[in-house]
Amino acid sequence: MKRQKSISGILAGCMVMAIVPFAMGADDKPSVLTAVPGDAWAALCIRNIGELDRKLMTLGERMNAPPMSPLSILKGQIGLAAGFDDHGGVAVVIMPVSNIADPMSGLAVLLPTGDYAALTGPMSPEDVGDGVSRILLIGQEMYVAPYGAYAAMAPSPEPIKQILAAKDSPGIDKKWTKHQLKRFDEDDLHLWINLEGVVASPAVQGMIPMLAAMSGGQFDPKELDDVRCLSVALRIDKSGIRLGIYQSVKEDSEQAKIMASGKTTSKSMLTGLPKEDFLLAFALRVSKKQADEVAKGLGGLIDMMILQPTLASQGPNAVSEAKRLGESITGMIREMRQGAISISLLPPSPDGLVGLAKVVTVERDAKGKCAQIAEILPRIAAALPFPEVKAAMDTVEYKAGAETLKGVKVDHLIVHVDRMDGADQKTFTEIKKIVGKEGILIRMAAVDDKHIAATFGGGKKRMEKVIDLVKSKSA
């Protein structure tokens, strides 16, 4: 157990390195995408580890963090020195496995190297056949092999052998669209999941009938035949951290029709959000058909939760309230058409150091949606009558029409930290240094019939600014 835990720690460090630093485009190095085998189940790719390291240092400075290089710290902890390419791509890969209960047995890391011997020499490599060597990495047994411009490293030799066998086969770049490849050259980190490959594996195929039976009819196995891949991209730039989500499905499938029902736009969807020093900004637009599908899927999950013995044991009232809660939430989702949210660093002031802003566009009756939120909160405690839930909900208060700003009635959602178990005045004071003098207070308002605005941090003036932006349809 100790050895397994240590190896997990090593790989976790490698995965952090794959999250901590990476780019291409400007130089002539081949993309790390070409090195990841096309039959891989998943890959977390960093385009240029050195570039991402610099971006993270800059981001840390904006957050007043001590100046330090995550890459240098990680290399020191793992024991990587000579031979490591600080400006290459990194990939954490999961290769196909026969035992679906242990997907991590297919885990391997591709580390960029300009001198494989210099990189692995201090690790006491010992040939174990098939081009693979056993090494010691910070005292733990691992396996490694040269793989083009990379060193393929894993806790067992099997995934390395799979990667070596695919050396002359197409990489995952051949599975990507031109749009995805262009985005990859602009993004810093990309998580790609080969859903088509995972679903097609014998190990997963054998489980599908059981999953369908357990879902109580909420899961149709045929839907899995439509999927191809899912990817999430991250980019750090001057305005903050950008996330992109990409899903690929088979043409002419039902899922393709659902995706095609939404309208694309080249205009910014961050309408209503204040121009600030973003840490994160996110926007989503959905058609009625897409919203209905999301609500349907969530409704199925809620129905499955209601069928669980744990909830049923709380009595018929809990089950009834859980159903009403589910209907309220899915009903709101069906009416949603667009949403934008940002998390920002605010200038130092008594109104807090971190701010959140959110603008949601609904089909109609934005005022009624705000009123529904006030109804949903107490329903949560009734639907989930567990001590932990009750204790959490006892700290929450919703004040409808608490104030009027810019001619708009504004509600307050308050979390009373002083009511939390174990909380004291000192804790509350420390929290206020970050969230502001008002404590944890979210302002929420129906600006007009189609738009709901909400802010946290920045006080009244920030909410007024968002209301003005929504009214003027600008950002």
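- Here the CD1 atom belonging to Ile380 is positioned 4.5 Å from the CE atom belonging to Met393, to the nearest 0.5 angstrom.
- In this structure, Asp411 contributes its side chain and Ala445 its backbone to no donor-acceptor pair below 3.5 Å.
- Heavy-atom minimum distance, Val362 versus Lys369: CG1-CG, 4.4 Å.
- Salt bridge annotation for Lys289-Glu293: absent, with no cationic side-chain nitrogen under 4.0 angstrom from a carboxylate oxygen.
- Side-chain contact between Leu346 and Asp351 is absent, with no heavy-atom pair separated by less than 4.5 Å.
- In this structure, Asn194 contributes its side chain and Ala40 its backbone to a donor-acceptor pair below 3.5 Å.
- Ile302 and Ala322 get closest at one heavy-atom pair: CG2-O, 4.2 Å.
- The distance from the CG atom of Leu234 to the NE2 atom of His190 is 10.5 Å, given to the nearest 0.5 Å.
- Between Asp39 and Met95 the shortest side-chain heavy-atom distance falls below 4.5 Å.
- For the pair Ile245 and Leu230, the minimum side-chain heavy-atom distance is below 4.5 Å.
- Using cut-offs of 30° and 60° on the angle between ring planes, the pair Trp176 and Phe184 is perpendicular.
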(request) Under the side chain to side chain contact (heavy atoms under 4.5 Å, CB included) rule, what do Thr271 and Val359 come out as? Steps first, then yes or no, please. (result) CA-CA 8 Å; Thr271 303; Val359 177; over 6 Å; no
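- Between Val470 and the options Asp468, Ile467, Val466, a side-chain contact (heavy atoms from CB on, under 4.5 Å) holds for only Val466.
- Between Val249 and Ile258, every side-chain heavy-atom pair lies at or beyond the 4.5 Å cut-off.
- With contacts defined as side-chain heavy-atom distances shorter than 4.5 Å, the pair Val36/Cys45 qualifies.
- Taking the side chain as every heavy atom from C-beta outward, Pro274 and Leu469 approach each other to under 4.5 Å.
- Distance CG/Leu356 to CG/Leu273: 9.0 Å, rounded to 0.5 Å.
- Considering NZ of Lys437 and NZ of Lys432, their distance stands at 10.0 Å, rounded to 0.5 Å.
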(request) Could you check Glu327 against Lys323 for salt bridge (Lys or Arg N to Asp or Glu O under 4.0 Å), going step by step and ending with a plain yes or no? (result) CA-CA 6 Å; Glu327 290 169 358; Lys323 289 181 178 179; over 6 Å; no
(request) Go through the steps to decide whether Asp292 and Lys296 satisfy the test salt bridge (Lys or Arg N to Asp or Glu O under 4.0 Å), and finish with yes or no. (result) CA-CA 6 Å; Asp292 286 344; Lys296 178 182 175 182; over 6 Å; no
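- Here Ile414 contributes atom CD1 and Thr395 contributes atom OG1; the two are 11.0 Å apart, rounded to the nearest 0.5 Å.
- If you check the side chains of His412 and Glu403, you find a donor sitting under 3.5 Å from an acceptor.
- No donor-acceptor pair under 3.5 Å is formed between the side chain of Asp187 and the backbone N or O of Ala233.
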(request) Step by step, work out the side chain to side chain contact (heavy atoms under 4.5 Å, CB included) result for Arg443 and Arg462. (result) CA-CA 10 Å; Arg443 287 181 165 84; Arg462 190 158 176 268; over 6 Å; no
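- Within the 4.5 Å cutoff, the side chain of Ile329 has heavy atoms near those of the Leu325 side chain.
- Between Arg419 and Asp394, no side-chain nitrogen of the basic residue sits less than 4.0 Å from a carboxylate oxygen of the acidic one, so the salt-bridge criterion is not met.
- Between Tyr398 and Cys370 the shortest heavy-atom distance is OH-O, 3.5 Å.
- Atom CE of residue Met336 and atom CG of residue Leu284 lie 5.0 Å apart, to the nearest 0.5 angstrom.
- Annotation for Ser268 and Leu270: closest pair OG-N, 3.1 Å, computed over non-hydrogen atoms.
- Residue Lys358 places its NZ atom among 12 or fewer non-hydrogen atoms of other residues, nucleotides or ligands, all under 6.0 Å distant.
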(request) Could you walk me through whether Leu413 and Leu377 pass side chain to side chain contact (heavy atoms under 4.5 Å, CB included), step by step? (result) CA-CA 10 Å; Leu413 176 62; Leu377 291 173; 3.5 Å; yes
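- With hydrogens and angles disregarded, a donor-acceptor distance shorter than 3.5 Å links the side chain of Asp188 to the backbone of Ile236.
- A salt bridge links Lys433 with Glu430; the closest basic N to acidic carboxylate O contact falls under 4.0 Å.
- Considering every non-hydrogen atom in both Met68 and Ile73, the closest pair reads SD-CD1, 3.6 Å.
- Under the 4.0 Å criterion applied to side-chain N and carboxylate O atoms, Arg324 and Glu321 are assigned as salt-bridge partners.
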(message) Between Val32 and Val90, is the side chain to side chain contact (heavy atoms under 4.5 Å, CB included) condition met? List the steps.
(response) CA-CA 7 Å; Val32 69; Val90 173; over 6 Å; no
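- Closest of all the heavy-atom pairs between Ile49 and Asp86 is CG2-O, 3.1 Å.
- At least one side-chain heavy atom of Arg337 sits under 4.5 Å from a side-chain heavy atom of Lys288.
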